[in-house]
Structure formats: structure tokens, C-alpha cells
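Since the structure comes first, as C-alpha cells, the remarks are kept for the end.
All figures in this text were calculated on a predicted structure; none of them were measured in a lab.
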Amino acid sequence: MEKVEKIQDIVATPTVELMAITPNAEQIIEMSCRTCYLSFHRYNPPHSTAELIKKVIRKKHYSVLEHALATFRIKGGSRTFTHEMVRHRLMSPSQESQRYVEYGKTRPFDVVFPPTIENSPYKDRYLELAAQCRDFYLEMVKAEIPKEDARYILPGGTTSEIVISANFREFRHICEVRCNPRAHWEIRGICLQMLRILKKEAAIVFDDFIIDEENQCATLIESE
């Protein structure tokens, strides 16, 4: 059996990359909203943009937020994470396929290391068993077991790259439920990375999300 010190390289670190976002997203949202009332004479950015977007969010007129979209590439998240993420049916995912991607050839094998296990007496055994699953997978593939069948031995912590696209209305929903303190720690951490980017790129739309860096969560502050 391999020593744990030699298999630390199978531990994944999640990363989030903004691939694309609607240019001038908040101006587009404002102009789309003003079409409803033909109030273009009030268009006076940036003041009118902030005023109107905050007003429609306060009144829950969320449909105008659907005119702006963002696309993220997420690496280092587990298949446990992606199984949760793809439940958002108004989000469009494109996910790495275990049927066609071969570990050890197309890409290295790695797993997510839950902090509770990393800080427990089970940490070495966790990594050892993950490495054994990897080795057994490789052995089966070498013996011409189809990848789509050999993958059944791989743990839920195996990472899976995914690209997701959604409009701002859906991202607000995702961030509200997945950055919540009660959300699962892995999806919460990844969605917090997305929220930080969205707050930077569309500060008005996501202004009412308050990030608690100490506790690694975020809450939505609803206006009266």
C-alpha cells in the first residue's frame, strides 16, 4: 500500500473561473425594465441604474434580471457537489464525462478531502482507500473493462469539471440557497467563489448579499 505522503497529490482544490458575462449587464437590465413603462427619459446612469434595479429587486420584479447571464467553469469540485448543483433546472450545465474521460490518461485522478475527515484519525485511511479505488479503476481499464463500467468503483469525492450558465435571476436563487449557513460546506464554498465574482461584476444586482468571510457563508438582506 502506498504511503499517504506519496498520494497527497490526489487532493483537489476547487477553483471558479468566470468564462463570460453579459457586457454592460446592469445597463441592459435597466433598459429592459424601462421598456415595460417606456420611461427611457429617466435613464441617467449610474444613478438611475442603481435606483431602478434596487427598486425592482425590492418589489420582486425579478424577470428583468433574466436579460443578463454569466458562465462559470468550476474545477476541483466533487461529483457529490455536481449532483447537488445540477438540481438547479434553470441553470445550463456541461459536465466532464466519466464514460469518455480516462483517469491516468486524459487527466489525473483526484478527490475532495472533507475538512472533518482531514482533521480526524481517519485522514490517512481516507486517502489510502481513495488511492486504492484509483488503482483498481486503472487495473480494470487496462484489462479492457469499459471506462463506463470501471468508474463504478470511484468514490463520490472524485472531482468532475463542470461549466454552468444561468441568468442573474437564477444566480440570485442559487446564491441564496447555496451560500446559506445551512448549505453543504462544499457547494457553499464554491458558490461563495461565484458570488464574490458576481458582486464585483454586477455590484448593484448582488448588493443585498452580505458575505461573512469568517464563517464562510452569505445571507440575503431583504429590503422593506
Side-chain angles (χ1 to χ4, degrees), residues 10-21 62 65-66 69-101 103 107-120 122-123 126-127 129-130 133-134 137 147-148 151-199 201-202 205-206 208-220:
I10 70 173
V11 176
T13 300
T15 61
V16 173
E17 170 197 353
L18 178 65
M19 297 178 66
I21 193 166
Y62 298 135
L65 304 180
E66 296 172 14
L69 302 94
T71 299
F72 292 96
R73 180 185 301 279
I74 303 168
K75 297 181 179 180
S78 70
R79 290 187 70 86
T80 298
F81 152 73
T82 60
H83 286 352
E84 286 192 88
M85 200 71 205
V86 297
R87 292 174 188 164
H88 293 278
R89 294 185 296 278
L90 300 182
M91 178 196 78
S92 300
S94 295
Q95 185 172 355
E96 172 190 332
S97 170
Q98 283 190 331
R99 291 188 68 196
Y100 300 106
V101 171
Y103 299 104
R107 53 153 293 185
F109 171 85
D110 57 2
V111 293
V112 171
F113 201 5
T116 53
I117 298 176
E118 186 177 5
N119 298 314
S120 79
Y122 297 103
K123 60 181 181 179
Y126 178 91
L127 293 176
L129 290 174
C133 290
R134 172 202 61 191
Y137 165 90
K147 294 187 293 293
E148 62 187 51
R151 64 177 168 166
Y152 278 80
I153 197 62
L154 297 175
T158 305
T159 65
S160 182
E161 187 170 333
I162 190 169
V163 171
I164 62 171
S165 295
N167 61 54
F168 282 8
R169 178 180 187 171
E170 180 64 6
F171 271 123
R172 280 181 59 87
H173 170 67
I174 290 171
C175 291
E176 180 179 2
V177 298
R178 299 303 189 179
C179 295
N180 186 280
R182 296 182 62 189
H184 179 243
W185 64 270
E186 186 186 11
I187 198 169
R188 177 159 40 91
I190 290 173
C191 288
L192 276 172
Q193 290 192 51
M194 289 192 288
L195 178 58
R196 291 185 190 100
I197 294 171
L198 289 167
K199 283 180 69 68
E201 299 290 333
V205 175
F206 295 91
D208 50 349
F209 283 90
I210 308 302
I211 297 177
D212 181 347
E213 295 290 358
E214 181 179 355
N215 295 303
Q216 287 296 285
C217 62
T219 53
L220 178 61

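Summarising the geometry of S78 relative to G157, their closest heavy-atom pair is CB-O, 3.6 Å, with the distance given to 0.1 Å. Counting all heavy atoms, side chain and backbone alike, V177 lies closest to N180 at O-CB, 3.6 Å. Across all their heavy atoms, P14 and I190 have their closest contact at CB-CG1, 4.0 Å. Counting all heavy atoms, side chain and backbone alike, F168 lies closest to A202 at CE2-CB, 3.6 Å. Here the shortest heavy-atom pairing between L90 and A166 reads O-CB, 4.4 Å. Here the closest non-hydrogen pair linking G76 and A12 is O-CB, 4.0 Å.
With sequence neighbours left out, N167 forms a side chain to side chain donor-acceptor pair (under 3.5 Å) with no residue at all. For the salt bridge (charged side-chain N to carboxylate O under 4.0 Å, His left out) test, residues two or more places apart in sequence or in another chain that qualify with R73 are E17, E161. Not counting sequence neighbours, F81 has no partner by the ring pair (Phe, Tyr, Trp, His ring centres under 6.0 Å) test.
By the 4.0 Å N-to-carboxylate-O rule, K123 lies too far from E118 to be salt-bridged with it. A salt bridge links R196 with E213: at least one charged nitrogen is closer than 4.0 Å to a carboxylate oxygen.
Counting only heavy atoms from C-beta outward, the side chains of C179 and C217 never approach each other to under 4.5 Å. By the 4.5 Å heavy-atom criterion applied to side chains, L192 and I211 are counted as neighbours. You'll find the side chain of M194 reaches within 4.5 Å of the side chain of I164, heavy atoms only. Between I21 and L69 the shortest side-chain heavy-atom distance does not fall below 4.5 Å. Using a 4.5 Å cut-off on side-chain heavy atoms (C-beta onward), Q98 and R79 make contact.
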- Message: R151 vs R99, test: side-chain contact (heavy atoms from CB on, under 4.5 Å). Steps then yes/no.
- Response: CA-CA 8 Å; R151 64 177 168 166; R99 291 188 68 196; 3.5 Å; yes

- Query: Could you walk me through whether I162 and V86 pass the side-chain contact (heavy atoms from CB on, under 4.5 Å) check?
  - Reply: CA-CA 10 Å; I162 190 169; V86 297; 4.0 Å; yes

- Message: One pair to check against ring pair (Phe, Tyr, Trp, His ring centres under 6.0 Å): F72 and F171. What are the steps and the verdict?
- Response: CA-CA 11 Å; F72 292 96; F171 271 123; 5.4 Å; yes

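Looking only at atom types and distance, the side chain of R178 has no donor-acceptor partner in the side chain of H184 under 3.5 Å away. There is a side-chain donor-acceptor pair under 3.5 Å between T82 and Q95.
Classified by interplanar angle (parallel below 30°, tilted 30° to 60°, perpendicular above 60°), the ring pair Y137/Y103 is perpendicular.
Taking NZ of K75 as the reference point, atom CD of E96 lies at 10.0 Å (rounded to 0.5 Å). For the atom pair CD (E170) and OG (S92), the distance works out to 9.5 Å, reported to the nearest 0.5 Å. Distance CD1/I74 to OG1/T159: 12.5 Å, rounded to 0.5 Å. Taking OG1 of T158 as the start and CZ of R134 as the end, the distance is 11.0 Å to the nearest 0.5 Å. Here L198 contributes atom CG and L18 contributes atom CG; the two are 7.5 Å apart, rounded to the nearest 0.5 Å.
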